[in-house]
Amino acid sequence: MAVQKPSIPKGTRDFSPEEMARRNYIFDTIKSVFYRFGYRQIETPAMENLSSLLGKYGEEGDKLLFKVLNSGDFLSGTASQDFQEGNLNKLSMQLCEKGLRYDLTVPFARYVVQNQGNIVFPFKRFQIQPVWRADRPQKGRYREFYQCDADVVGSDSLLNEAELVQIVEQVFSALGVAVTLKINNRKILSGMAELIGEASKVTDLTVAIDKLDKIGIEKVKEELMERGFTRDAILRLEPVLALSGTDYEKLGKLEVLFAGNETGLKGVAEVRTLLDYLEALGVKLSYVLDLTLARGLNYYTGAIFEVKAHDVEIGSISGGGRYDNLTGVFGQPGLSGVGISFGADRIYDVLNQLQGFPEDRLQGSRILFVNFGEKEALCAMKMIRRVREAGISAEMYPDPAKLKKQMGYADSRKIPYVAVIGEEEMEKQMITLKDMTTGTQSMVSPEELIQTLTL
RNA sequence: GUGGAUGUAGCUCAGCUGGUUAGAGCGCUAGAUUGUGGCUCUAGAGGUCGCCGGUUCGAUCCCGGUCUUUCACCCCA
């Protein structure tokens, strides 16, 4: 067979032991916060039925779904006419009935409806799994990446939102990353659309104004024109976007503008309540009401969140919001949910740039036992059993290689201690223990060895 | 999906506006040091110059295509 160059698909990555140690540090930190807030873990399959996925993420989202080709005779049921005419949508539905999950929220909604008989509401679950998007990769954007989601369904209370903000606070304070949480509300955005007489174009409006701080007001106006907004509508929008002051001041001004605008006023009231909660709770996280924050996923109906890291140029590292009827499309209407999602891969990139990983906690074995040959190795293995029973990670060099080589192995693996058991040590029932950081070594008893390593 | 860059040793990169043997640093292997890592010195291994095709007496270099990586846009974590 011809030798082929090893490679992996575009936008995917391998993770080395060092990278996994760092990734697990992130996962463990997030997980422990989730547990602390009473969330419990579930997992769902990598593949969902395509019908569960399609139509949940908007037109763009549908295009980014990875579809899985049917097994067996996947051409049966297709018509050659469709191939000739290039009816891609129809064909893809016939060729693929499964797709890789695009996020964790929609599979969760499916899970909730499918298992509604066994779920006690309100249901708090978290989920840490990879998701896949057929996007063109670039900085901080991969085709396979991990999300860490915590969601509550079956409760309308804004206390849930307040809890999610605290989760964000605790996760990033534990990781030592300075961030700002942007808060907005989809009802405010709907109110804006209504206010300017373009109620049917909420999505177009949000996509455009989301770019405000990036491209400036003039470009946003241009884009709105392109998206078919009237000059008059844009004129009326401008003062809303220009609202300034503290969060509460902005809310006050909005309230005046929204007079008689039911949806808009409801959004203002929700944000006000949330801000009140956060203040009463003494939340130290930096947060701000950002009226231009939109977020693309079109299933959000209430609060929306997005987290930006300070000091690092990267897209949002976390986001979420409330969705009132995601379970409705699966046949269980009236269940409101709210959740937050942490982008583990981007958080990794941020911590990497900030050199924020606690390297000392991320290593492997604490001690390496040198291999001098069959008899000595067996004796060392016995000692290793005792060391491991004491809860210390230990390993032996599996081959009787030159001592220099074994030492070099310990050095490159950053193993802090090396134990040498040769003929002399076997006779005396002692171990030569070398401290690799200081370079000193001494003869110790098995008990002393364990004691040294336990410190 | 649109537009721009990129690909030479395991890694980071040189390579003269197309010429005979493609280099460096780091890493790796061995030795100096047969029971002691890091530092030093010595030697060595390692390349179909991303892949396919074209132009040419001759291509790592020029042209076309393709794939990879990467940047911006769209969109998004």
Side-chain angles (χ1 to χ4, degrees), chain A residues 2-13 26 30 57-65 88 102-105 128-149 203-204 206-208 210-211 214-215 219 223 226-227 293-298 305-309 313-321 339-350 368 370-373 376 397 400-426 432-441 443:
Chain A
V3 182
Q4 65 179 76
K5 249 191 185 165
S7 65
I8 54 175
K10 186 198 287 236
T12 65
R13 299 154 296 159
I26 295 172
I30 292 173
Y57 309 105
E59 215 174 301
E60 286 295 327
D62 282 356
K63 280 193 231 157
L64 298 181
L65 285 171
L88 296 183
Y102 180 91
D103 71 356
L104 300 178
T105 308
I128 298 178
Q129 289 189 271
V131 303
W132 293 270
R133 295 183 187 178
D135 216 347
R136 184 93 73 108
Q138 56 177 271
K139 183 148 205 97
R141 179 185 290 191
Y142 311 100
R143 291 185 137 183
E144 177 185 62
F145 61 98
Y146 273 72
Q147 291 192 330
C148 312
D149 277 30
T203 307
D204 282 308
T206 55
V207 169
D210 193 38
K211 296 174 191 160
K214 199 169 172 186
I215 62 176
K219 294 265 180 190
E223 178 154 352
E226 278 164 32
R227 287 175 184 269
L293 172 64
R295 289 188 58 73
L297 299 178
N298 60 7
F305 304 114
E306 194 161 288
V307 178
K308 292 280 285 182
E313 213 32 68
I314 197 163
S316 64
I317 53 177
S318 188
I340 186 83
S341 175
F342 293 88
D345 299 87
R346 285 191 177 170
I347 294 172
Y348 181 97
D349 291 343
V350 168
L368 174 78
V370 163
N371 186 331
F372 273 130
E376 291 89 344
Y397 200 89
K402 286 190 173 140
L403 189 52
K404 181 185 167 69
K405 184 161 181 170
Q406 302 192 39
M407 286 298 216
Y409 173 81
D411 190 52
S412 65
R413 290 279 310 276
K414 295 192 170 61
I415 297 172
Y417 291 96
V418 171
V420 180
I421 301 179
E423 230 172 287
E424 191 190 340
E425 287 87 353
M426 274 171 57
T432 296
L433 181 66
K434 174 159 179 157
D435 181 331
M436 295 296 277
T437 45
T438 61
T440 57
Q441 65 183 53
M443 278 280 229

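Sequence lines set the chain letters: A, B, ... in the order given, protein chains first and strands last, and positions in each chain run from 1.
Side-chain nitrogen and oxygen atoms of Lys404(A) include none within less than 4.0 Å of the OP1 or OP2 phosphate oxygen of U34(B). Put simply, Lys414(A) has no side-chain N or O that comes within less than 4.0 Å of OP1 or OP2 on G37(B).
Residues passing the side chain to side chain donor-acceptor pair (under 3.5 Å) test with Asp204(A), sequence neighbours excluded: Arg227(A).
Across all strands, Gln147(A) comes closer than 4.0 Å only to sugar-phosphate atoms, never to a base (heavy-atom distances). If you check every strand for non-hydrogen atoms under 4.0 Å, Tyr146(A) touches nothing. Using a 4.0 Å heavy-atom distance criterion, Ser318(A) is classed as a sugar-phosphate-only contact. Using a 4.0 Å heavy-atom distance criterion, Gly320(A) is classed as making no nucleic acid contact.
On a pure distance criterion of 3.5 Å, a polar donor-acceptor pair joins the side chain of Lys434(A) and the base of U36(B). Applying the 3.5 Å distance criterion, the base of G35(B) shares no donor-acceptor pair with the side chain of Gln441(A). Looking at Arg346(A), its side chain comes within 3.5 Å of the base of C76(B) through a donor and an acceptor atom. Between the side chain of Arg141(A) and the base of C75(B), a donor-acceptor pair under 3.5 Å is found.
Between Thr12(A) and Glu306(A), the residue anchored nearer the 5' end of RNA chain B, judged by the nucleotide with its closest heavy atom, is Thr12(A).
With rounding to the nearest 0.5 Å, the separation of CZ in Arg346(A) from OG in Ser318(A) is 11.0 Å.
In this structure, the aromatic ring of Phe342(A) is not positioned over the six-membered ring of the base of A77(B) within 5.5 Å between centres and 30° between planes.
Side-chain proximity of Leu403(A) to A30(B), G35(B), C75(B): nearest is G35(B).
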